[in-house]
Structures are given as structure tokens and as C-alpha cells.
Amino acid sequence: MDTKAFKRTLQHSENYNRKGFGHQAEVTSQLQSEYQSNLIQEIRDRNYTLQRGDVTIRLAQAFGFCWGVERAVAMAYETRQHFPTERIWITNEIIHNPSVNQRMQEMEVKFIPVEANQKDFSVVDTGDVVILPAFGASVQEMQILHEKGCKIVDTTCPWVSKVWNTVEKHKKVDYTSIIHGKYKHEETVATSSFAGKYLIVLNLSEAQYVANYIINGGNREEFIQKFAKACSPGFDPDRDLERVGIANQTTMLKGETEQIGKLFERTMLQKYGPTELNQHFQSFNTICDATQERQDAMLELVEDNLDLMVVIGGFNSSNTTQLQQIAIERGIPSYHIDSVERIQSANSIEHRQLNGQLTITENWLPDGEIVVGITSGASTPDKVVEDVIEKIFAFKSTATLV
């Protein structure tokens, strides 16, 4: 399928919108009242530090809603305002935050139902409004909606669209796109749908396995089995790894994406030599600025003398998980929570581990004076961060009185 031609056709359709509907002023006021926080602004104004009693909060200097997320949420609100009576659907969560997605449901924005891991688009009728979330949607999903005659509101983050353009460039010159990402993640599903041949690697370890295969060969069947769910149909490592280009899920760790890119550049240099390198390797910078800024701010924050770290964001939020990983790698007690309700008491907190499992930790809040690092993923409203900080202050205040 010529995905570039399809995108052009879609974008020229009268049923397609990616610029909003002119209700920015009303929506901005609504978003501020629902999601912004005076306390967070106060902490920003105090050089990202606030002390109350025994607790000192140190806030990362870049955290929370990024521009792409804010844009997507604002467009969803505008859509409901512009179509007050129409049925509105969304192909996935608008962003990875439970409170924002709950708000969508309260606004009667319905999620496309999923049956046996497949979305059931039969519920959508001609004339219905369908929102494509910040992560984007696969080209096949867009095609279904376009053919149904739906009104499509595209909130895809421009950084994600930039990655799509990259894999389309790879496809044009018959390169295999090696995508650093999670093969089940909505964004990577969408990105791979715009690629020709592709292989998805989760981390540097998987990338090294692929690089070793390029240089030394190996067990073809083992390779195909290992990446069975993470490659294009009919992928053949003996044929499809001669020419590769690098792309990424925008929320992965910046440093690891860069390492993977350099690894494959060295690999193709070793195999084909410097004069042939450009015929076998392509790399474009597709690392999202917002993801990079939040990771850089986290790296700076964990250099402080922290007693513990609280990372706030949806449990299915990849960029939040990457922030948590930075804290864990530094040996700092760190708790990834998606809402204030996970803090059950001064003695008990429910949180997500890096392996995805939920666990409850007792005695998580130390006695005496403590310094708590706080950050949040790019889909987390400031109001949620405020609620967490206030609860920590309240528990420590109660403990001091006792």
C-alpha cells in the first residue's frame, strides 16, 4: 500500500481535521480549571523546591503535560464542543493517564471496543466522529474509518508523524526499518503500519543480538521465532538485514536509542566498509524533544541527595516507565503510581514495578526529615501531581503530631 498517497487523500478529505475547530479560548479555560495547579506553579516559582515541616519536595525541572499531549487533549475537548450531539469515538486512550481518559468517558467520548485483541469498528456508523489519539492510529484503521465516511479528528503528535515520515523514507529505498520500541505499544503499531519491512527491538540487548546476526550469521529459525511478533510479515533475517534504517518509539530512553543507532552504524561499517556504509545504513533524529527534556531533568534530579522518588503517570505510559528506570538504576527507592489513591497510608503504597507487576510496599515513607523527588510523565496533569504532594505533606504532618 502506498501509505504516503493514502495520507494525502485522507488529509484532503472534507471529513478530516487536524487543526481544531476554533474553540481554543473556551477549551483553554476549561483545561486550566481541570488540570492545572496553583501549588505546582508555586513550586516552580521557588526554584522547584518546597519545604513544609519535615518534608522537602524537589520537583524535576521538566515534567508533566508536553505540548503534543496538551494539544491532543485540547482537540478532544474542542471536538465534543463542536459536535455536541454526535456520537464520538476514540480509537485508543487519548493519552496514557487514567484521570484524563475517565474525563473523556464523562464527556461521552466512547472507546472502540476490543474483542480478542481486535478492535471492533462495526460499532462506528457513517457520520460518526472518530478521534485519533496522540499516539496516532495504524494506516489500516484510518482506511477503515475513511471508507466508512466518518469525520476524523487527528490529534497525532507531530513528533510521531515525523517518525512515520522516516520509515516511509526507508521503505522508498527498500531499507528495513529497525524500530526501537515496544511492539504492542499503540505508537509502534501505528509506526510499523507505515513501514515496509520492519524489525522492532525492545532494548540494546535485542539490538546486539541482531547486530551479531548481521556480522556472524546464526540460527535463522531461532531469529524468526525470537522476533515473531515484532517484525513485518515474511521477514527473513538473511535477506532483510542488508540495508537498515533506524527509527524509534518517541517515548523510549533517548540514550538507548542513540546507542542502538551507533551500534548498527558500526555493524554496517564493519560488514560493508566505509565506502559502502551509506548504501546500507540510514539514521534520522526522531527523538522527541519533550521526552528528552523530561529524561534530562530526571537525570539531574537523581543527582540530588534524595531519600525517595515518586514517579507519577499511567501504568501503560512508556515515557513514565523510562523515568522510573532512571531512578531504579541509581538505587533510589522509587515508586511509580498513576494516581494519589495508590498512596494508601504513611505506611503503605501500591505501585508498579519495572516488570509491570503491581506491588504494595510497607514503611515507604521514612521517619524524620526527608527529601522527596517528584516527577511525572508527559501525560500527567499538574493537578494529579499536586494531589500526591499534598498527601505526602499530610501524612508526614500527622506522623509528626503522633
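In this chain, numbering begins with 1 at the start of the sequence shown.
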Quick check for you: to the nearest 0.5 Å, what is the distance between [X] atom [atom1] and [Y] atom [atom2]?
| X | Y | atom1 | atom2 | answer |
| --- | --- | --- | --- | --- |
| Arg80 | Ile131 | CZ | CD1 | 8.5 Å |
| Lys262 | Ile246 | NZ | CD1 | 13.0 Å |
| Met268 | Ile214 | CE | CD1 | 5.0 Å |
| Glu78 | Gln30 | CD | CD | 11.0 Å |
| Ser379 | Glu70 | OG | CD | 11.5 Å |
| Ile112 | Phe121 | CD1 | CZ | 5.0 Å |

So with a 6.0 Å cut-off around [atom1] of [X], is the heavy-atom count from everything else above 12?
| X | atom1 | value |
| --- | --- | --- |
| Lys119 | NZ | yes |
| Glu108 | CD | no |
| Asn355 | CG | yes |
| Arg220 | CZ | yes |
| Asp2 | CG | yes |
| Glu362 | CD | yes |

[X] side chain near [Y] side chain, heavy-atom distance below 4.5 Å:
| X | Y | value |
| --- | --- | --- |
| Gln11 | Arg18 | yes |
| Ile326 | Gln295 | yes |
| Ser177 | Phe194 | no |
| Val129 | Trp89 | no |
| Cys66 | Arg294 | yes |
| Leu145 | Thr91 | yes |
| Arg71 | Pro158 | yes |
| Ile144 | Lys148 | yes |

N/O donor-acceptor pair under 3.5 Å between [X] side chain and [Y] backbone:
| X | Y | result |
| --- | --- | --- |
| Lys182 | Ile200 | no |
| Lys171 | Thr166 | no |
| Glu186 | Ala137 | no |
| Glu206 | Leu202 | yes |
| Ser29 | Ala25 | no |
| Ser13 | Thr9 | no |
| Asn101 | Ile94 | yes |
| Lys391 | Ile343 | yes |
| Gln324 | Ser334 | yes |
| Thr361 | Ile349 | no |

Testing the 3.5 Å rule here: is there a donor-acceptor pair between the side chains of [X] and [Y]?
| X | Y | value |
| --- | --- | --- |
| Thr49 | Asn47 | no |
| Asp45 | Gln41 | yes |
| Asp154 | Thr156 | yes |
| Thr359 | Gln357 | no |
| Ser99 | Lys383 | no |
| Glu222 | Tyr213 | no |
| Gln325 | Glu329 | yes |

So which atom in [X] and which in [Y] form the shortest heavy-atom distance, rounded to 0.1 Å?
| X | Y | answer |
| --- | --- | --- |
| Asn17 | Gly20 | OD1-N, 2.9 Å |
| Ser376 | Leu323 | O-CD1, 3.8 Å |
| Arg87 | Val123 | NH2-O, 2.8 Å |
| Leu301 | Ile374 | CD2-O, 3.8 Å |
| Asp338 | Val384 | O-CG1, 4.3 Å |
| Thr267 | Ile215 | O-CD1, 3.5 Å |

If you measure from the Lys or Arg side-chain nitrogens to the Asp or Glu carboxylate oxygens, is any gap between Asp128 and Lys110 under 4.0 Å? no

Would you call Glu106 and Arg103 a salt bridge, taking side-chain N to carboxylate O under 4.0 Å as the test? yes

Worked verdict on Val371 versus Asn305 for side chain to side chain contact (heavy atoms under 4.5 Å, CB included): CA-CA 7 Å; Val371 179; Asn305 188 21; over 6 Å; no

Using the side chain to side chain contact (heavy atoms under 4.5 Å, CB included) rule, pick out the option among Gln282, Lys169, Lys197, Glu242 that qualifies with Tyr175. Gln282

Quick check on side chain to side chain contact (heavy atoms under 4.5 Å, CB included): which of Val372, Ile370, Thr56, Ile332 does Asp307 satisfy it with? Ile370

Given the rule in the salt bridge (charged side-chain N to carboxylate O under 4.0 Å, His left out) test, do Arg52 and Glu390 qualify, once you have shown the distances and angles that lead to the verdict? CA-CA 10 Å; Arg52 279 192 204 164; Glu390 289 287 15; 2.9 Å; yes

I'd like to check the ring-ring contact (aromatic ring centres under 6.0 Å, His included) partners of Trp364; sequence neighbours left out, ordered by chain and number. Tyr335

Would you say the rings of Phe83 and Phe21 are close, in the sense that their centroids are separated by under 6.0 Å? yes

Between His96 and Phe135, is the ring centre distance below 6.0 Å? yes

Can you tell me which residue among Lys7, Arg8, Lys162 is in a salt bridge (charged side-chain N to carboxylate O under 4.0 Å, His left out) with Glu168? Lys7

Pairs where residues 244-256 contributes a residue and the test side chain to side chain donor-acceptor pair (under 3.5 Å) is met, not counting sequence neighbours: Glu187-Thr250, Thr188-Gln249, Asn248-Thr286, Gln249-Thr251, Gln249-Ser318, Thr251-Ser318

Inter- and intrachain pairs under ring pair (Phe, Tyr, Trp, His ring centres under 6.0 Å), touching residues 300-325, at least two apart: Phe315-His336

In terms of ring plane angle, is the pair Tyr35 and Tyr77 parallel, tilted or perpendicular, where the classes change at 30° and 60°? perpendicular

